[in-house]
Amino acid sequence: MKYKTERFDTLASTNDYAKQKRAEKENLIVIAKAQTGGRGTKGRSFSSAEGGLYLSVLTVYENFPASRAFEIMQNAAAAVCETLALCGLRPVIKWPNDIFVNGKKICGILIENSFSGSLLSSSVVGIGLNVNNRLEKALSSIATSVWEQTGKTVETARIERTLLDFFQKGVAEKYASYLGFIGEEVTLIVGEKQEKAALLGVDEAGNLLAETKDGTRRFAAAEVSVRTGVEE
Ligand code: BTN
């Protein structure tokens, strides 16, 4: 697939910019050196100081079944993990969309899809990866960066190229090999309720499978948050 690329020093949010461009029906990669209104999942903000990699990939589909939407998340998360592995790190995916290294979050992914009936008409895959940016003090116990983990300043442009190469090649099948916390006891937060469970895995549609006191249950990403002890 061919993509046009647009680069900015600062944007409010590369996802918001890419979403505005959906009507043009062209594949687009949007990259910003910093974001002033970076967005995370579940309405959270995403700290986006200079030195990190903030990009969104807008893909317009002709005939992509909505039932396969999870492959897009698998591909994005695995592309980040393959890139970090090449930096000598050991990344793990915290279902569905966070990447952790040594117990701290290094990357978040926000995917915003649009649908037309049973088809996916476009997806915006937003990736925020902490590369050389220094994290705010409030985040330093829960978040990390490539710089902090390797002890080296890494060229952001190189990480960007590698990540986009993996993304465009397609590495969704590697997702399972990076999935972390399987077999571990976690806390599931479902609405107001919290319960202990053991993570079993993820099904083909991207739902979480967990062993709870009521037996094996399946959760969609929108209905549950997973607390692993290492925080988000
Ligand atoms: C999360 O951790 O909750 C997801 C964070 C996603 C952040 C990326 S940075 C590039 C793109 N633009 C945004 O506003 N968000 C995503």
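Counting starts at 1 for both ligands and their atoms, in listed order. Predicted model only: the values in this text are computed from it and were never measured.
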What atoms of ligand 1 come within less than 4.0 Å of a heavy atom belonging to Gly38? 14 (O)

Electrostatic pair Glu195:Arg217 at N-O distance under 4.0 angstrom: yes

Do NZ/NE/NH1/NH2 and the carboxylate oxygens of Glu112 and Arg39 come within less than 4.0 Å? yes

Please write down residue, atom name and distance for the protein heavy atom closest to atom 2 (O) of ligand 1. Lys105 NZ, 2.5 Å

So for ligand 1, is Tyr54 a polar contact partner (N or O within less than 3.5 Å, distance only)? no

Within the 4.0 Å heavy-atom cut-off, what Asn97 brings close to ligand 1 is neither

Paired with Ile159, the side chain to side chain contact (heavy atoms under 4.5 Å, CB included) test is passed by just one of Val80, Leu84, Leu129, namely Leu129

Quick one: are Tyr17 and Glu6 in side-chain contact, heavy atoms under 4.5 Å? yes

Atom CD1 in Ile109, atom CG in Asn15: separation rounded to 0.5 Å? 11.0 Å

Under 4.0 Å from any heavy atom of Leu110, which atoms of ligand 1 are there? 6 (C)

Within the structure, is a non-hydrogen atom of Arg44 found at a distance of less than 4.0 Å from ligand 1? no

Can Thr144 and Gln149 be counted as having a side-chain donor-acceptor contact under 3.5 angstrom? yes

Going by the atom numbers of ligand 1, which of them fall below 4.0 Å from some non-hydrogen atom of Thr41? 1 (C), 3 (O), 4 (C)

Which part of Asp16 is near ligand 1, with near meaning a heavy atom under 4.0 Å away: side chain, backbone, both or neither? neither

Specify the protein heavy atom at minimum distance from atom 5 (C) of ligand 1: its residue, its atom name, and the distance to 0.1 Å. Phe46 CD1, 3.4 Å

Residue portion contacting ligand 1 (non-hydrogen atoms closer than 4.0 Å) for Gln35: side chain

In ligand 1, the atoms that come under 4.0 Å of a heavy atom of Thr14 are 10 (C), 11 (C), 12 (N)

protein heavy-atom neighbour closest to atom 15 (N) of ligand 1 works out as Arg39 O, 2.7 Å

What's in the same ILVMFWY side-chain cluster as Trp147, cut-off under 4.5 Å, chained through other members? none

Atom indices of ligand 1, in the order listed, that fall short of 4.0 Å to a heavy atom of Asp98: 2 (O)

Would Ser48 count as a contact residue for ligand 1, given that I'm defining contact as a non-hydrogen atom of the residue lying under 4.0 Å from a ligand atom? no

May I ask you to list the atoms of ligand 1 that are less than 4.0 angstrom from any heavy atom of Gly40? 1 (C), 3 (O), 4 (C), 5 (C)

Strictly below 4.0 Å, N to O, side chains only: are Lys169 and Glu82 in salt-bridge contact? no

Only heavy atoms of Leu55, strictly under 4.0 Å: list the atoms of ligand 1 that pass. 10 (C)

Count the heavy atoms belonging to other residues, nucleotides or ligands that lie under 6.0 Å from NZ of Lys33, then report whether that count exceeds 12. no

Closest to atom 8 (C) of ligand 1 among protein heavy atoms sits Gly128 N, 3.6 Å

Which one of Lys105, Arg44, Arg227 satisfies the salt bridge (charged side-chain N to carboxylate O under 4.0 Å, His left out) criterion with Asp98? Lys105

When Ile, Leu, Val, Met, Phe, Trp and Tyr are grouped by side-chain heavy atoms lying under 4.5 Å apart, directly or through other members, which residues fall in the same group as Tyr54? Phe46

